[in-house]
Amino acid sequence: MKVGILAIQGDFYLHKKSFDIIGVETLFVRKFSDFKEIDSLIIPGGESTTMSLLLSKYKLDEVLYDFSLDHTVFGICAGSILISKNSNDKRIKNLNIMQFDSVRNAWGNQINSFSDYINIKESLNIDDFYTTFIRAPKFINVDPSCEILASYNSEPVLIKNKRHLAASFHPEMGDDTRLLEYFLKFANE
Ligand code: GLN
């Protein structure tokens, strides 16, 4: 399994560091042909408006969407905004890979960043998961095609559909790699 990490903006490097610890090969994805080399894709946190602009500019949005038809994509924070169906910012060209809407910065601005324990569904076998929210989006209008895997203050923060995952927090920060390991398992199913 080679994991692609979209590396046009944002905190792609921390993802590589986490997968290095797990011992999984990664590739920074920056061009069309990179999609042929990878088995799954992480869209990292960063700035969704900038990433959306760059995806269009480099004409990567279509190849990314086509890739998602038969491969797992994991959108994290800004990445989850991109893969959602709609968001509350006209500058974002949503990829519409997962059927939910995202509300940018709804957990607060940069200054309101926080870390806390989230509630993860028992079947994932990940208890006491402490994680970080940075200008995190909220997920609303979650379609029945999606399942809520984790919540915080009774709001969804990690959801999946048949093939894809979206998290509003940052599983690549800190040294707890359990959720990224779950993603690898999920992508391999
Ligand atoms: N609020 C940012 C955005 O809308 C996402 C922040 C993040 O990825 N940590 O793009």
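We count ligands from 1, going down the list as the structure has it; atoms in each ligand are counted the same way.
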Practice item. State, without any angle test, whether Asn86 and Asp101 hold a side-chain donor-acceptor pair at a distance under 3.5 Å. Key: yes

Practice item. Return a yes/no value for Ala78: is any of its N or O atoms, backbone included, closer than 3.5 angstrom to an N or O of ligand 1? Key: yes

Review point. Between Trp107 and Glu155, is any pair of side-chain heavy atoms under 4.5 Å apart?
Key: yes

Point to revise | Minimum side-chain heavy-atom gap Phe133-Ile118 below 4.5 Å | key: yes

Point to revise | Per-residue contact class, Arg104 against ligand 1 - non-hydrogen pairs under 4.0 Å | key: side chain

Review point. In this structure, which one of Ser52, Ser87, Ser102, Cys77 forms a side-chain contact (heavy atoms from CB on, under 4.5 Å) with Leu82?
Key: Ser52

Practice item. For atom 6 (C) of ligand 1, state which one of Ala136, Gly46, Ser80 supplies the nearest heavy atom. Key: Gly46

Check your understanding: Which ligand 1 atoms, with their elements, are less than 4.0 angstrom from a heavy-atom of Ile134?
Key -> 6 (C), 7 (C), 9 (N)

Exercise for review: For ligand 1, find out whether one of its N or O atoms is nearer than 3.5 Å to an N or O atom of Gly45.
Suggested key: no

Check your understanding: Non-hydrogen atoms of His170 versus ligand 1: any pair closer than 4.0 Å?
Key -> yes

**Study point:** Output field: ring centroids Tyr152/Phe114 closer than 6.0 Å
**Key:** yes

Check your understanding: How about Ser115 and Thr132: do any of their side-chain heavy atoms sit closer than 4.5 Å?
Key -> yes

**Study point:** Ligand-residue contact atoms, ligand 1 with Asn105, heavy atoms, under 4.0 Å
**Key:** 1 (N), 2 (C), 4 (O)

Review point. Between Asp127 and Arg178, is there a side-chain N and carboxylate O pair less than 4.0 Å apart?
Key: yes

Review point. What protein heavy atom is closest to atom 7 (C) of ligand 1, reported as residue, atom name and distance in Å?
Key: Cys77 SG, 2.9 Å

Check your understanding: Should Phe100 and Pro156 count as side-chain neighbours, where that means a heavy-atom distance under 4.5 Å?
Key -> no

Practice item. Could you see which bit of Ile81 sits under 4.0 Å from ligand 1, with heavy atoms only: side chain, backbone, both or neither? Key: side chain

Exercise for review: Indicate yes or no: does an N/O atom of Thr49 lie under 3.5 Å from an N/O atom of ligand 1?
Suggested key: no

Review point. So which protein heavy atom does atom 10 (O) of ligand 1 come closest to, and at what separation?
Key: Ser48 N, 2.5 Å

